[in-house]
Amino acid sequence: MNRLPLVVHTLYAELADLCRAEPPAPWPLSGSLVRVPVKEQGHWYYQKSRRTSPGPYQQREYLGPVADADLAARVAAFEEAKAAFQERAGLVAALKAAGAPAPTGRLAGLLLGLSEAGLLERAVLVGTAAFQAYGPMLGVRFGPSSFQTLDLDLCTAAGTGLALRPWPGQPPLLDLLQGIDATFREVPGLRPGARAVAYMNQARLRVDVLLPLTGREKGGRPAPGLGSHGQPQRFLNFLVQDPVQAVLLTGGGVLAHVPQPARFGLHKLLVSRQRPAIEQAKARKDLAQAGQLLTLLLEIDPEAVEAVCADLAARGSGWKKHALAALQGLDAEEIAERVAGMLTAG
């Protein structure tokens with residue numbers, strides 16, 4: 001783990017401010033407007049970005065004639081927003097060139113497409129995609145082994161304390177995914193007739209939908225706001241409580257909800273103890289992410305770690321027992337001892 005230069009961290013803060021101030025645009029800003037002459041009259045088309053289009057060709061949508069006054073006002077608003085988007089894209093490129101971690105390849109395009117569809121504002125990113133977002137947010141570059149993933153884990157934001165706007169006529173998640181990459185398919189459940197809670201494309205990029213486990217039922221249940229069923233998981237209610245905003249370094253910067261960093265670190269301790277034998281590589285990755293994050297937070301924001309430790313301990317002796325046992329697997333003994341002291345005090 002290495003610190004990013006202060007100028008890079010400051011640039012990220014500037015990008016975050018610009019993203020939060022961005023007004024709604026008439027059309028997704030990753031695309032562009034194309035003026036096409038037809039029989040001596042101009043017509044506007046919206047052309048999707050290749051990064052968010054299914055298939056090898058860019059899709060076009062007819063908007064209307066250039067002479068339409070209402071459309072002209074929307075075109076002007078889009079062009080103004082597009083200029084701001086390109087400015088932010090320049091900041092994203094500068095941050096990546098300076099070593100700030102960012103999603104790459106198909107995952108970057110998928111995150112951009114889901115953001116433009118409006119889904120990310122109704123989800124909390126968990127898993128490695130969230131961990132990666134903490135790097136530029138906290139001003140560090142974590143070890144590369146902590147980033148390896150072809151998974152995107154989405155938890156419903158319902159019940160997390162976020163104010164969610166209504167989404168009339170919300171499409172199924174599979175439709176949104178196939179609108180970005182036509183090769184996405186449902187991952188069959190373990191039981192016949194079970195509703196899909198995961199999706200995968202030909203490149204083996206997988207999207208999992210998760211829910212907090214609130215009872216004994218472990219089968220898939222509807223995930224509010226995500227247009228899909230989700231898989232309930234233990235400890236997830238602790239993880240996604242009161243999430244924070246981060247900027248993902250793709251496109252012109254993508255705002256997303258992620259767990260509080262201290263909650264993420266402690267949650268990784270808990271789930272590392274739940275992995276079956278076949279997933280011990282994932283358990284080691286859990287501990288690596290927890291160790292790096294807690295080491296940093298105890299240096300820059302120990303009060304946050306202490307508050308979340310108190311919350312975890314208040315949830316019962318079983319929670320505390322799992323966390324204390326997992327701390328024994330951290331390489332940094334001093335960090336493990338400090339967190340254990342906070343858990344015991346809580």
Side-chain angles (χ1 to χ4, degrees), residues 1-22 29-30 49 51-52 82-116 120-121 123-154 205 243-265 267-268 285-286 288-301 304-305:
M1 179 174 62
N2 300 308
R3 286 296 185 94
L4 294 172
L6 178 59
V7 64
V8 177
H9 199 189
T10 303
L11 197 63
Y12 173 85
E14 179 183 346
L15 175 64
D17 288 340
L18 291 173
C19 287
R20 294 189 186 102
E22 176 193 328
L29 293 174
S30 64
S49 166
R51 300 181 69 186
T52 58
K82 180 70 174 183
F85 175 88
Q86 291 172 332
E87 178 185 350
R88 296 196 307 276
L91 295 181
V92 169
L95 284 163
K96 292 164 67 174
T104 59
R106 294 178 184 272
L107 178 58
L110 177 62
L111 288 166
L112 180 60
L114 291 177
S115 173
E116 292 181 338
L120 290 191
E121 66 181 77
V124 179
L125 294 188
V126 296
T128 298
F131 180 77
Q132 187 180 65
Y134 294 136
M137 176 198 292
L138 300 174
V140 297
R141 186 189 303 115
F142 293 115
S145 63
S146 303
F147 289 148
Q148 298 173 3
T149 185
L150 282 175
D151 295 344
L152 177 61
D153 297 328
L154 301 174
L205 177 58
V244 297
Q245 267 191 334
V247 180
L248 311 179
L249 301 184
T250 181
V254 167
L255 286 175
H257 303 298
V258 296
Q260 296 174 26
R263 288 187 180 277
F264 189 96
H267 178 262
K268 281 297 179 182
K285 184 176 173 182
D286 292 333
Q289 292 181 355
Q292 292 182 78
L293 201 48
L294 291 171
T295 298
L296 176 64
L297 291 173
L298 285 173
E299 178 183 345
I300 66 174
D301 194 5
V305 180

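- L11 CG to L6 CG: the interatomic distance, rounded to the nearest 0.5 Å, is 11.0 Å.
- Distance check: K96 NZ to L91 CG gives 12.5 Å after rounding to the nearest 0.5 Å.
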Working note: L293 + M1, criterion side chain to side chain contact (heavy atoms under 4.5 Å, CB included); need CA distance, chi angles, decisive distance, verdict. CA-CA 9 Å; L293 201 48; M1 179 174 62; over 6 Å; no

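- Here the shortest heavy-atom pairing between K268 and A290 reads CB-CB, 3.8 Å.
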Should R88 and V247 be marked as a side chain to side chain contact (heavy atoms under 4.5 Å, CB included) after you check the CA-CA gap, both sets of side-chain angles, and the distance that decides it? CA-CA 11 Å; R88 296 196 307 276; V247 180; over 6 Å; no

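- Of all heavy-atom pairs spanning V92 and G252, the tightest one is CG2-C, 4.0 Å.
- Side-chain atoms of L29 and E22, non-hydrogen and from C-beta on, do get closer than 4.5 Å to each other.
- L112 has its side chain within reach of V254: a pair of non-hydrogen atoms, C-beta onward, lies under 4.5 Å apart.
- R141 places a side-chain N or O within 3.5 Å of a backbone atom of G99 that can act as its donor or acceptor partner.
- Shortest non-hydrogen contact noted between A246 and V258 is CB-CG2, 3.9 Å.
- In this structure, NE2 on H267 lies 13.5 Å from CD on Q260, to the nearest 0.5 angstrom.
- Remark: Y134 engages F264 in a ring-ring contact (aromatic ring centres under 6.0 Å, His included) (not counting sequence neighbours).
- Atom CG of residue L205 and atom CG of residue L152 lie 7.0 Å apart, to the nearest 0.5 angstrom.
- Nearest heavy-atom pair across P261 and V244 is CD-CG2, 4.5 Å.
- Between the OG1 atom in T52 and the CG atom in L114 there is a gap of 10.5 Å [rounded to 0.5 Å].
- No donor-acceptor pair under 3.5 Å is formed between the side chain of S115 and the backbone N or O of L111.
- Taken to the nearest 0.5 Å, the CG atom of L4 stands 8.5 Å off from the CG atom of L95.
- Taking E14 as the reference, nothing meets the salt bridge (charged side-chain N to carboxylate O under 4.0 Å, His left out) condition, with sequence neighbours excluded.
- Contact record, A130 with L125: CB-O, 3.3 Å, taken as the closest heavy-atom pair.
- Between A304 and A262, the shortest heavy-atom distance links the atoms O-CB, 3.8 Å.
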Check against side chain to side chain contact (heavy atoms under 4.5 Å, CB included), T128 and Q289: CA-CA 9 Å; T128 298; Q289 292 181 355; 3.3 Å; yes

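- The shortest side-chain heavy-atom distance between L294 and V305 falls under the 4.5 Å cut-off.
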Steps toward salt bridge (Lys or Arg N to Asp or Glu O under 4.0 Å) verdict (E116, R51): CA-CA 12 Å; E116 292 181 338; R51 300 181 69 186; over 6 Å; no

